[in-house]
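Owing to the predicted nature of the structure, the values given are computational and were not obtained by experimental measurement.
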Amino acid sequence: RAQLVPEASGEKLAPSESFEVQAGGSEHAAASALVYIAVFVSSFCPMLFGFVIGFTSPAQAPMLGTARGVALPPAHLAVFTPGQFTMYAAIATVGAVAGAFAGSRAMDRIGRRRALALSACPHLLAWCGTILCSDPSVLIVLRWFAGFAVGMGSAIAPSYIGEVATLRLRGPLGTTFQLVLNIGIFFVSAVGAYGPAMEDVGGQRFCNWRRLSFWGVAFALALATMVFMPESPKWLAERGRMQEAKMSLRRLRRGDTTAEEAMLVALAAPADSSSSSISVSSAPGLGHRLLDYKRSLLIAICLMAFQQFSGINPVMMYAADICAQAGMGNAEVSSMAIMGMQVCMTALSGWLVEAVGRRRMLIFAGVAMTVSHLGLAYYLAAQAWSWWTPSWLAMLCLCTYICGYCTGMGPVPWLLLAEIFPVEVRGAASALATSVGWISAFIMLIQFRALQATLGPSGVFALFAVFCFGILVFACLCAPETRGKTVEQIVWELNGPPARRPSPEDCPKLVVRV
């Protein structure tokens with residue numbers, strides 16, 4: 001049995017030295033197989049995220065009744081006018097903003113795993129309704145519920161993954177959110193274009209989006225099995241449920257968990273001690289607590305906004321045209337190839353964020369995306385003015401952009417959400433940051449065509465080059481390096497001691513005696 005006691009000497013500790021394990025205890029236990037199982041099951045959340053985002057791509061033509069050759073899609077699939085379809089595509093981002101705050105409240109009140117399982121319910125409602133309904137207004141409302149569920153999950157899943165992972169695995173496992181999101185987009189596009197969701201009409205093949213919706217139901221049911229996964233030990237400890245926290249930790253680790261249990265005890269101490277700090281139930285309001293972590297909050301909000309304003313959507317919109325001009329005639333095949341490249345590069349980011357570091361990957365992304373946007377702006381302007389426009393230039397810029405985004409700007413913001421906030425405010429902070437990201441995505445969806453009409457294609461990419469240069473400056477000046485550091489150490493370095501808690505300099509040295 002481990003016992004946490006203050007050292008008699010009263011020696012002060014720095015955050016990185018807050019715990020000392022004696023009697024041969026190991027500093028960090030290895031992850032058990034259950035960590036990987038829990039992360040796998042929670043990954044159905046970003047899978048559904050990608051499924052919702054990518055669903056409109058194969059469904060657009062049949063939903064609008066667009067002909068292929070002389071064949072029209074079946075009447076039961078053609079349900080929208082162009083204006084209604086625009087609303088259908090964009091309304092998910094509106095639902096996601098509300099879902100982010102609902103997810104924050106749920107994860108703090110009922111725990112991470114139950115909140116993730118709960119997010120499967122609006123997914124089930126949305127996809128079962130999409131299978132059965134044909135009324136445009138009802139389908140738009142159902143799309144809002146799908147966005148609501150995605151917003152819930154995007155606020156919860158990164159925190160859960162970060163809290164169950166070991167220190168060494170926090171980076172690789174944290175990037176699985178963006179990786180599986182890209183897999184979800186790739187999956188829905190592939191099944192919608194080539195899979196069993198296709199329906200033959202007059203010699204032409206159309207995506208039967210009702211059949212495609214069955215996959216959404218299946219993924220939602222898989223996500224609901226989160227109720228059988230272990231709860232976050234940190235959330236349990238922060239609620240003062242120490243025995244449950246230690247049991248959950250021992251299920252998630254192999255080997256000696258003494259050091260991590262000591263950290264859980266320290267995490268629970270403010271809730272248990274009336275002399276050292278204010279209890280959770282009587283703590284200052286959430287807004288005041290968030291203000292204790294202003295720098296962390298600013299970093300998270302800026303990164304989530306920059307993620308949307310980095311220009312991923314226009315790049316993907318022009319990708320098929322760029323590939324066609326480079327000699328890849330089939331737009332569907334070229335789009336699938338680009339999505340496959342996104343998946344591969346995001347998978348590589350799991351190794352890079354640990355080998356190279358989070359901050360350096362953001363700097364690399366800022367450089368790569370800025371140069372790529374400038375190159376694409378020149379390429380499109382040169383086409384309009386009949387200048388020198390080699391097709392390899394556009395392909396080089398496209399591939400460089402995907403490398404930068406998928407290894408840096410895509411996965412790192414989601415990873416940092418679980419690293420730069422303490423447990424007590426992580427839910428609210430994640431909700432606020434992700435809601436800013438969703439609002440930014442909504443602005444991009446609504447205003448992109450207006451920007452295109454005003455600035456022209458080359459002007460749009462020049463504007464995104466300015467945004468990406470802003471990402472580079474922000475990464476150099478403000479982005480933290482979190483590799484190899486505990487969350488407590490990261491929070492301390494970014495924000496200093498919260499005003500309502502004693503500073504580590506005021507605390508006696510803690511020693512774990514076995």
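Judged by distance alone, the side chain of Q307 and the main-chain N or O of M409 form a donor-acceptor pair under 3.5 Å. Between the S32 side chain and the R251 main chain, a donor and an acceptor come within less than 3.5 Å of each other. A donor-acceptor contact shorter than 3.5 Å links the side chain of S189 to the backbone of I185. For the pair R241 (side chain) and L236 (backbone), a donor-acceptor distance under 3.5 Å is absent. Counting only distance, with no hydrogens or angles, the side chain of R143 and the backbone of Y88 share a donor-acceptor pair below 3.5 Å. Not a single donor-acceptor pair under 3.5 Å links the side chain of T257 to the backbone N or O of E260. Side-chain atoms of N182 never come within 3.5 Å of backbone atoms of T346 as a donor-acceptor pair (strictly under, hydrogens ignored). In this structure, S372 contributes its side chain and Y401 its backbone to a donor-acceptor pair below 3.5 Å. Using modelled atom types, one side-chain atom of R254 and one backbone atom of A31 make a donor-acceptor pair closer than 3.5 Å. R114 places no side-chain N or O within 3.5 Å of a backbone atom of M226 that could act as its donor or acceptor partner.
At a threshold of 4.5 Å between non-hydrogen side-chain atoms, the residues P172 and W351 do not count as touching. At least one side-chain heavy atom of C128 sits less than 4.5 Å from a side-chain heavy atom of V217. Annotation: side chain of P480 is in contact with side chain of I299 (closest heavy-atom distance under 4.5 Å). Contact annotation: the side chain of F44 never approaches that of H123 to less than 4.5 Å [non-hydrogen atoms, C-beta and beyond]. Between E354 and R483 there is a side-chain heavy-atom pair separated by less than 4.5 Å. When side chains are defined from C-beta on, M107 does not count as touching M152, because their heavy atoms never get closer than 4.5 Å. A heavy-atom distance below 4.5 Å is not found between the side chains of Q308 and I443. With a 4.5 Å cut-off on side-chain heavy atoms, V41 and L116 do not count as touching.
In plain terms, the two heavy atoms of C468 and S310 that are nearest each other are SG-O, 3.4 Å. Of all heavy-atom pairs spanning V412 and T407, the tightest one is CG2-O, 4.4 Å. Shown here for A245 and P233, the closest heavy-atom pair between the two residues is CB-O, 3.5 Å. Residues T370 and A465 approach most closely at CG2-O, 3.8 Å, considering heavy atoms. When all heavy atoms of A100 and A155 are compared, the closest pair comes out as O-CB, 3.7 Å. Residues L125 and L142 come closest through the heavy atom pair O-CD2, 3.7 Å.
Side-chain rings of F442 and W438 stay apart, their centers remaining 6.0 Å or farther from each other. Proximity of the aromatic rings of F187 and F219 is defined here by a centroid distance below 6.0 angstrom, and this criterion is met.
Remark: of the listed residues T176, L169, L34, T176 is the sole one forming a side chain to side chain contact (heavy atoms under 4.5 Å, CB included) with V39. Here the options are F51, W215, F145, the test is ring pair (Phe, Tyr, Trp, His ring centres under 6.0 Å), and the partner is W127; only F51 passes.
Put simply, CG on L212 and OG1 on T130 are 10.0 Å apart, with the number rounded to the nearest 0.5 Å. Taken to the nearest 0.5 Å, the OG1 atom of T482 stands 6.0 Å off from the CG atom of L415. Separation of atoms SG (C397) and NE2 (H373) is listed at 10.5 Å; rounding is to 0.5 Å. Taken from NZ in K234 to CG in L264, the straight-line distance is 8.0 Å, to the nearest 0.5 Å. Note that OG of S42 is 11.0 Å distant from CD1 of I156, once rounded to the nearest 0.5 Å. Rounded to the nearest 0.5 angstrom, M304 CE and L416 CG are separated by 10.5 Å.
More than 12 non-hydrogen atoms from other residues, nucleotides or ligands lie less than 6.0 angstrom from CE of M444. Annotation: F469, atom CZ; neighbour count of heavy atoms from other residues, nucleotides and ligands within 6.0 Å does not exceed 12.
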> Between R358 and E419, does a salt bridge (Lys or Arg N to Asp or Glu O under 4.0 Å) hold up when you go through it step by step?
Replying inline: CA-CA 11 Å; R358 282 70 152 159; E419 294 185 322; 2.6 Å; yes

>> Is there a salt bridge (Lys or Arg N to Asp or Glu O under 4.0 Å) between R250 and E261? Walk through the geometry before answering.
In response: CA-CA 9 Å; R250 289 164 188 167; E261 287 182 22; 2.8 Å; yes

>> Using side-chain contact (heavy atoms from CB on, under 4.5 Å), reason through L417 and T434 one step at a time and then give a plain yes or no.
In response: CA-CA 9 Å; L417 278 182; T434 55; 3.8 Å; yes

> Given the rule in the side-chain hydrogen bond (donor to acceptor under 3.5 Å, both in side chains) test, do S232 and E163 qualify, once you have shown the distances and angles that lead to the verdict?
Replying inline: CA-CA 6 Å; S232 160; E163 289 173 13; 2.4 Å; yes

>> Show, in sequence, the C-alpha distance, side-chain angles and deciding distance for S159 and R426, and conclude whether the side-chain hydrogen bond (donor to acceptor under 3.5 Å, both in side chains) test is met.
In response: CA-CA 7 Å; S159 296; R426 188 172 293 153; 4.7 Å; no

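Here ring pair (Phe, Tyr, Trp, His ring centres under 6.0 Å) pairs that include residues 294-314, with residues two or more places apart or in two chains, are F306-F474, F309-F467.
The side chain to side chain donor-acceptor pair (under 3.5 Å) search around R359 returns none, not counting sequence neighbours. Listed by chain and residue number, F177 satisfy the ring pair (Phe, Tyr, Trp, His ring centres under 6.0 Å) test with W414 (two or more places apart in sequence, or in another chain).
The cationic atom of R112 (NZ for Lys, CZ for Arg) does not lie both less than 6.0 Å from the six-membered ring centre of Y160 and within 45° of the ring axis.
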